[in-house]
2 protein chains.
Amino acid sequence: MVLIASTIKDVAKYTGLSIATISKYINGGNVREENKKLIDEAIKALDFRVNEIARGLKTNKTATIGVLIPSLENIFLTSIVSRVESILLQYGYSTIICDYRQNKELENQKFDFLMNKFVDGIILVPLGINEDKIKMALEKDVPVILIDRSIKGIDCDVVLVDNLNAAYNAVELLFTKGHRRVGIICGPQDIYTAQERLKGYIRVHEDYQIKIDDALVKYGDYEIQSGMELMNYFLEMENPPTAVFVTNYEMTLGAVMALNSRNISIPNEMSLIGFDNIQLANVVKPKLSIVVQPMQQIGEFAANLLLKRMKGDKSGYPAMLRLKTDIVEGESIKVINSFI
Amino acid sequence: MVLIASTIKDVAKYTGLSIATISKYINGGNVREENKKLIDEAIKALDFRVNEIARGLKTNKTATIGVLIPSLENIFLTSIVSRVESILLQYGYSTIICDYRQNKELENQKFDFLMNKFVDGIILVPLGINEDKIKMALEKDVPVILIDRSIKGIDCDVVLVDNLNAAYNAVELLFTKGHRRVGIICGPQDIYTAQERLKGYIRVHEDYQIKIDDALVKYGDYEIQSGMELMNYFLEMENPPTAVFVTNYEMTLGAVMALNSRNISIPNEMSLIGFDNIQLANVVKPKLSIVVQPMQQIGEFAANLLLKRMKGDKSGYPAMLRLKTDIVEGESIKVINSFI
DNA sequence: CCTCTATCGTGAAACGTTTAGCTCTATATT
DNA sequence: AATATAGAGCTAAACGTTTCACGATAGAGG
């Protein structure tokens, strides 16, 4: 039983060649055919594998990239990450996934951790990252790709969806079915996506020349509980909206729970358009209409952009990839008045 | 702008002390008070941080543990992982999370990857891991903790839930409400949890002296689609069950979708008890009754056991921690005949 | 036969740490 | 006063690679 891993030195000894030659071969250099065979044999016999730690020490490359997200329990994010991971693997990169639990301090800490691990690149869903850290990384030639959210005032590659028009389209759909009093359950306004989604809500009202009733614009925190509370708030208004647009998955969950617990019928008594999770949409009765984001695509774009940057290709920097969302229609929107 | 990170050598130069002294101080050795101050100052001035790669090369410790799971898009797993990660962080450990996409080959590959990264310990949800790999890891003094599933015939610490009695209790609940024809949608029988859950179903039938109708025992693959198909199968039987026990989250989703799409009323026309996701349970109308696993606890137990092993404490090896599940009752089970 | 070039191989330094073993000094013990 | 002990610091080797600069060999071209 080989307890101590064999090193390049052992391979050298076994073959009678020098360490330098073995290293050259491993890294794709020219070696006589005869010696290639010999080295292969030795590697097999000794079960040799490169010590990545030692290699990393010399090369400052680790063939590892870091992914830093606010929560592991968010299926929207983990879907993206899963795709990223699978693409990078094809190019020989491994992935370290970190979760900063919506905690800005932890986010900064873990960013440092990744840099300390000498990852070759970082994919980040930012919340309160210290901009200097990103600059520092880029200066050290560690590319950083932001996903889902951008940070104003900083040049950085970013892959996200067109949240503004996602919201625009969702609310527009309600308008075309005759709704005029449309409530919105927003996210926290220090989060980029939440700002954009609110902007879309506002713009579509402008374009349709419908005045916004401020009482219909409520701010949640992207968690289930607030979705529930704010839907309850709407239901208790003297003049409630006829439809509500909920701007993320968790709050959509909460909103549905609120409706269910009060036995409000969807869409007869309240129309609803939600966000992000097609499985959720299908399991609710009647099926929910929702905005879906192209998670797979976000992952692919981010991974490919990162690969490009790691190759040293800085063209088009900073890139801003803005993908389009879709609406999957269920039966959660009542047709009050169709113009079509 | 410091582009090249400063090393221990720079700190030595700055302070006039030797490298060895700096290293000693960093690692908690004795140094004169006066020099401590000096070194601290130097570290701050030079923004020095230990190069973990170099340290790892010397010590063969990386203060990093690996987590290997079949899917990142499984909230049950990511909840556990999130907890594990947060506990280990408190002890200075960082976590590399890998996803093997339900692919046994990838699982083995990534296990190797983690070993290559010289993680100090591994937490694994096994599917088709090569047992030799686990033995090899243990021999190299890298503790391995299995979670959710054990592997027969191999000595290894494991943290899981009592799946057998989880199923037993779920079906028993149906029995106490008067159901006698209870269908089960099982998982793939090469997965440990699926076997155990089926065993529970069988045992409770024995204990209640109810004969099992083989037509009521169907095997899915733990994915949404098969939950849907198998529920449809039950609904189309000439003599359908009055209640169905679905043995994981995804298939529960599918089963609910099938019921909804056929407009079957829960629980009047079909009773249901599902698995694993309390949010799902609350969003379905009427609320679903489900078996819930103690994700947080699993995470805690696994993390603490791993910490213990990494300290070298081998007491009680191999440990088998078998946690209990709960049933959260909704309104998805019709009372046919109550004996209470 | 000489020179040039290309190919293959090597020795040795370097990456940034840790650590064994040593020296030196100051204090405590007898 | 002599000796033991403990504390603080240092030198140098080691971890397992990569890579630079060079040497050796052999065939080609003149």
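Proteins come first, then strands; the chains are lettered A, B, ... in the order of their sequence lines, and each starts at number 1.
One interatomic measurement links the two molecules: CG of B:Asp10 to C1' of C:dT17, which rounds to 13 Å at whole-angstrom precision. Remark: C1' of D:dT25 and CD of A:Glu34 are 14 Å apart, rounded to the nearest angstrom. Rounded to an integer number of Å, the gap from A:Ile53 CD1 to C:dT18 P is 14 Å. The distance between atom CZ of B:Arg32 and atom P of C:dT25, rounded to the nearest whole Å, is 13 Å. The distance between atom NZ of A:Lys36 and atom C1' of C:dC8, rounded to the nearest whole Å, is 12 Å.
When only modelled atom types and interatomic distance are considered, B:Ser18 and B:Thr21 share a side-chain donor-acceptor pair under 3.5 Å. A:Thr64 and B:Lys117 share a side-chain donor-acceptor pair at under 3.5 Å.
A:Met310 and A:Pro143 make their closest contact through CG-CG, 3.6 Å (heavy atoms, listed as atom of the first residue, atom of the second, distance).
In this structure, B:Asp120 contributes its side chain and B:Ala63 its backbone to a donor-acceptor pair below 3.5 Å. Checking side-chain atoms of A:Glu107 against main-chain N and O of A:Leu127 turns up a donor-acceptor pair under 3.5 Å.
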Checklist entry - Could you write nucleotides 13-21 of chain D as a row of B, S and -, 5' to 3', where a protein heavy atom under 4.0 Å of any base atom gives B, of only sugar-phosphate atoms gives S, and otherwise -? => result -BBBBBB--

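Counting non-hydrogen atoms of neighbouring residues, nucleotides and ligands closer than 6.0 angstrom, the OH atom of B:Tyr91 reaches no more than 12 such neighbours.
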